[in-house]
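Taking it in order: structure first as structure tokens, then the write-up.
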Amino acid sequence: EDQVTQSPEALRLQEGESSSLNCSYTVSGLRGLFWYRQDPGKGPEFLFTLYSAGEEKEKERLKATLTKKESFLHITAPKPEDSATYLCAVQAGTGNQFYFGTGTSLTVIP
Amino acid sequence: NAGVTQTPKFQVLKTGQSMTLQCAQDMNHNSMYWYRQDPGMGLRLIYYSASEGTTDKGEVPNGYNVSRLNKREFSLRLESAAPSQTSVYFCASSGQGLETQYFGPGTRLLVL
């Protein structure tokens, strides 16, 4: 069965304290891995797509990386406005479905 | 360009009542999706439509029906609402192949 697992469930950081979020997956035929940010009361907002092992994408303080088994979302010198829930999803096989993890809730304390 | 829009934003139903959640996208996307999001459960796929005229069940389809009215619109119907259907419902759309999904703002549903 295809599975996507995110860790940790929750993370509290001091402003400026860098860290990483993990997304591990067990799927057959990975086609793409997606990272989203979700603010309270809103829909998920797209951040990155990664297609193959070794690929990296960056946006401001965020950097996403992909291996054959997992992806990391690295947050460098976070600010309070980075506080949100970060979701990971994969698309695999020949179908159009996306499989989501349960997310990591990030709180950045000033 | 509004992206993905959903109506209503919030709804309260009594057990047994029916309602339809509406979703529309203006990005000319082929695929559309309905998810529910519950605390600790993440996003779970209810139904999706890979293209106009087709619909398929997702992970949690029981108690729901969908209609892909045209390329822009994808509606979700609860025929007889139950308290277990209290949730936040998100509609999403995506283009062909490996394009990402774009989400609507959500509909918060409370079934009493």
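Atom set for the values below is all heavy atoms of this structure, side chains included, hydrogens, waters and symmetry mates excluded. Only a predicted model underlies this, so the values are computations on that prediction, with no experimental measurement involved. In what follows, chains carry the letters A, B, and so on, assigned in the order in which the sequence lines appear, proteins first and then strands, with residues in each chain numbered from 1.
- Across Arg44(B), Gln6(B), Met41(B), Gln37(B), the residue that shares the most heavy-atom pairs under 4.5 angstrom with chain A is Gln37(B).
- Contacts with chain A were tallied for Ser31(B), Gly42(B), Cys91(B); Gly42(B) has the most, counting heavy-atom pairs under 4.5 Å.
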Exercise for the section: Test side chain to side chain contact (heavy atoms under 4.5 Å, CB included) on Phe90(B) and Val4(B) and set out the steps. Expected result: CA-CA 10 Å; Phe90(B) 288 102; Val4(B) 179; over 6 Å; no
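- Leu43(B) touches chain A through backbone and side chain together, each having a heavy atom under 4.5 Å away.
- Under the 4.5 Å side-chain heavy-atom criterion for Ile, Leu, Val, Met, Phe, Trp and Tyr, Tyr35(B) and Val66(B) are members of distinct hydrophobic clusters.
- The backbone N or O of Leu62(A) sits nowhere less than 3.5 Å from a side-chain atom of Glu58(A) that would complete a donor-acceptor pair.
- The closest donor-acceptor contact from the side chain of Glu15(A) to the backbone of Pro110(A) lies at 3.5 Å or more, if one exists at all.
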